[in-house]
Amino acid sequence: MNDSVTLGSRPLTPREVVDVARLGMRVDVDADALQRVADTRALIEGLADDPQPHYGISTGFGALATTFIAEDRRAQLQASLIRSHAAGTGAEVEREVVRALMLLRLQTLCTGRTGVRPVVVETYAALLNAGITPVVREYGSLGCSGDLAPLSHVTLAVMGEGEVRDASGTLRSAAEALAAAGIEPVALREKEGLALINGTDGMLGMLLLALHDLEMLLTTADVAAAISIESQLGTDAVFAADLMALRPQLGQAESAAHLRTFLAGSPIVASHRGPECTRVQDAYSLRCAPQVHGAARDTMAHATVVAERELESAVDNPVVTVDGRVESNGNFHGAPVAYVLDFLAIAVADVASMSERRTDRALDVARSNGLPPFLADEVGVDSGLMIAQYAAAGIVSELKRLAAPASVDSIPSSAMQEDHVSMGWAGARKLRRAIDGLARVLAIEVMTGCRALDLRAPLTPAAATGAVRDLVRTRVAGPGPDRFVSPEIEAVTELVASGEIARAALAVAFPDRPRPLPAPIEGDPP
């Protein structure tokens, strides 16, 4: 990982957003970008002196766009805009989400298409580098005109108002935190208030974080499925490359390749390959894992394309064009991001649902092919992992509710000026909760599958699944009498969320494949 990210010379990459948002990487601003910002600002100042009104420069906003504002009231106009729009409520948003939206707004400012002064750009970068995180509340954004309320809370802090968390996580007034960091608050001038809040940065930031986490979780889903298939005496023959080629879906092929390789050389699978095996077909939750996991991968690939296009965008209203015009537009509407956030929530719910079905099969003596009921040590006295499956089922039920799309629930605002909104922020918030749920459901499947592998002794698992089982055993004991289950679920969930489960399998199955260390999932507020 580099020491810093330079803004303004090219679009950010998804990984750079994660590194700044989650890992605290520093940011620098390209000198040429600062010059572009200064050149564009000169155009705005010229329009500010024009007796003809120009939206956002010498007029009010939204439904008040036709109201001319005299020059001596414009500084108050900008400050009033931010104070009134910083109307979020509810719990604090996670630090990584706030840093992501700050970074993405800063990237747009660096394009030179917004009309802010260079000092605004430099101050945003200074806050990020000082680890100052404005307090942003969970509710307030309709996703059009962008994430107005969340971005207003950030801008309020840049003005030296409101509350922030400092680098240590301590809640402080913005004025106090900026002073301690040697950062001068910004007094906003014409156009700057709008430029700082008219963007889809919050929902985009959460999308990029989600895509990063899902890449690892979908590989973990393949690992969990392989362990379940193996421990339940399923077959790997259905994952053959020539069978997958009959339906050339890219994600399906990748998941099937994972399953083939994770199960390669398994003595457990080999033990029932002969003609004495009377089983014709495995249940769908085992046999169709590549089709479901692969569809989720393809959905993620589409969402990644949308996210990368957004990273190349300069979203503002009005916007300063390359040839110097100041034009109103609708690019702040969050529909492109909102749709894929909803698509991903559907995929997450389905992957988790299939995982829970595999867990349930392992615990059912009628379907597990010789495993004890609920993988209990002393049947009748011990309950084994019975209630762990309940936990997975409860999460899956919630994930199904979270899969209901937010983007179809437009609600009008601003005296019907904003009569169709994206609800992308809401879609992003529920996707974050869904991803947390998926990690927990997969952890329960991995924990269950590893116990089932142990119960197949003296048969041994494949090298890759065995490596995962050995990793789990460093945190959770093997089969035995009933014990306190919740800490074990939490321990394996930590292994899933950190990427360690996926890396343990990949290191054995694909030793030559580069495996960058994933940034672990963050779910807790600052």
Side-chain angles (χ1 to χ4, degrees), residues 1 4-7 11-27 29 88 91-110 121 124-138 140-141 143 146-155 157-158 164-165 167 169 196-215 303-304 306-315 332 334 336-338 340-341 344 424-433 435-436 518-526:
M1 189 173 74
S4 65
V5 171
T6 299
L7 296 164
L12 288 165
T13 67
R15 179 67 209 214
E16 286 171 337
V17 175
V18 174
D19 287 342
V20 173
R22 185 171 287 173
L23 303 182
M25 181 183 283
R26 291 180 56 83
V27 298
V29 177
E92 289 184 44
V93 171
E94 302 86 355
R95 178 178 184 270
E96 65 175 23
V97 172
V98 180
R99 286 183 61 83
L101 73 88
M102 291 173 69
L103 174 68
L104 293 169
R105 182 74 330 217
L106 177 57
Q107 174 181 248
T108 290
L109 300 180
C110 288
V121 173
Y124 262 68
L127 260 69
L128 280 167
N129 290 336
I132 295 173
T133 306
V135 171
V136 174
R137 301 291 174 183
E138 185 167 17
S141 176
D147 293 316
L148 289 175
L151 286 163
S152 294
H153 280 268
V154 172
T155 307
V158 172
V164 301
R165 298 273 179 182
L196 294 175
I197 66 174
N198 248 314
T200 54
D201 308 291
M203 65 182 86
L204 175 59
M206 286 186 275
L207 172 61
L208 291 164
L209 290 164
L211 288 170
H212 177 273
D213 296 338
L214 278 173
E215 182 176 5
T304 299
V306 172
E308 289 175 345
R309 289 172 182 158
E310 289 291 301
L311 286 174
E312 296 176 0
S313 304
V315 175
F332 50 73
V337 181
V340 296
L341 288 164
L344 290 173
W425 175 272
R429 295 306 296 166
K430 69 185 181 67
L431 178 60
R432 284 181 68 80
R433 183 164 179 82
I435 287 173
D436 176 75
I521 296 172
E522 176 186 299
D524 296 327

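Sequential numbering from 1 along the given sequence is applied to the chain's residues.
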Problem set entry | Min side-chain heavy-atom separation Leu196-Val158 under 4.5 Å | no

Exercise. Looking at Ile132 and Met102, what are the two nearest heavy atoms and their distance?
Worked result: O-CE, 4.1 Å

Exercise. Taking His153 for the side chain and Gly88 for the main chain, is one N or O donor matched with an acceptor at less than 3.5 Å?
Worked result: yes

For this session: Go through the steps to decide whether Arg26 and Asp19 satisfy the test salt bridge (charged side-chain N to carboxylate O under 4.0 Å, His left out), and finish with yes or no.
Result: CA-CA 9 Å; Arg26 291 180 56 83; Asp19 287 342; over 6 Å; no

For this session: Mind listing the closest non-hydrogen atom pair of Leu311 and Pro11 along with its distance?
Result: O-CB, 3.5 Å

Exercise. When you look at CZ of Arg433, are more than 12 heavy atoms from neighbouring residues, nucleotides or ligands closer to it than 6.0 Å?
Worked result: no

Seminar exercise, completed: To the nearest 0.5 Å, atom CG of Leu208 lies from atom CD of Glu308 at 8.5 Å

Seminar exercise, completed: Residues Gly202 and Asp147: closest non-hydrogen pair is N-OD2, 2.9 Å

Exercise. Got a donor-acceptor contact below 3.5 angstrom from the Thr200 side chain to the Met203 backbone?
Worked result: no

Exercise. Checking side chain to side chain contact (heavy atoms under 4.5 Å, CB included) for the pair Thr6/Val29: CA distance, chi angles, key distance, verdict?
Worked result: CA-CA 5 Å; Thr6 299; Val29 177; over 6 Å; no

Problem set entry | Backbone N/O of His212 and side chain of Glu215: donor-acceptor pair under 3.5 Å | no

Problem set entry | Student check: side-chain heavy atoms of Leu431 and Met206 closer than 4.5 Å | no

For this session: Heavy atoms only: give me the nearest Gly205-Ala100 pair and the separation to one decimal.
Result: CA-CB, 3.9 Å

Exercise. Do NZ/NE/NH1/NH2 and the carboxylate oxygens of Arg432 and Asp436 come within less than 4.0 Å?
Worked result: no

Problem set entry | Listed once per pair and sorted, the salt bridge (Lys or Arg N to Asp or Glu O under 4.0 Å) pairs that draw on residues 198-210, sequence neighbours left out | Arg105-Asp201

Exercise. Should Met25 and Glu16 count as side-chain neighbours, where that means a heavy-atom distance under 4.5 Å?
Worked result: no

For this session: Test Arg22 against Arg95 for side chain to side chain contact (heavy atoms under 4.5 Å, CB included), laying out the working first.
Result: CA-CA 8 Å; Arg22 185 171 287 173; Arg95 178 178 184 270; over 6 Å; no

Exercise. From Thr155 OG1 over to Tyr124 OH, what is the distance, rounded to the nearest 0.5 angstrom?
Worked result: 3.0 Å

Exercise. Which heavy atom in Val164 sits nearest to a heavy atom in Ala157, and how many Å separate them?
Worked result: CG1-CB, 3.7 Å

Problem set entry | Ser313 side chain vs Val315 backbone, donor-acceptor pair below 3.5 Å | no

Problem set entry | Member of Val27, Val20, Leu23 meeting the side chain to side chain contact (heavy atoms under 4.5 Å, CB included) criterion with Arg99 | Val20

Exercise. Looking at Ser141 and Pro150, what are the two nearest heavy atoms and their distance?
Worked result: CB-CD, 3.7 Å

Problem set entry | Separation of Leu101 CG from Leu151 CG (nearest 0.5 Å) | 5.5 Å

Problem set entry | Side-chain donor or acceptor of Gln107 paired with backbone N/O of Leu12 under 3.5 Å | yes

Exercise. Hey, does Arg429 have a side-chain heavy atom less than 4.5 Å from the side chain of Val97?
Worked result: yes

Problem set entry | Glu138 atom CD, over 12 foreign heavy atoms within 6.0 Å | yes

Problem set entry | Value rounded to 0.5 Å, distance of CZ in Phe332 from CG in Leu148 | 8.5 Å

For this session: Could you check if a side-chain atom of Leu211 sits within less than 4.5 angstrom of a side-chain atom of Leu344, using non-hydrogen atoms only?
Result: yes

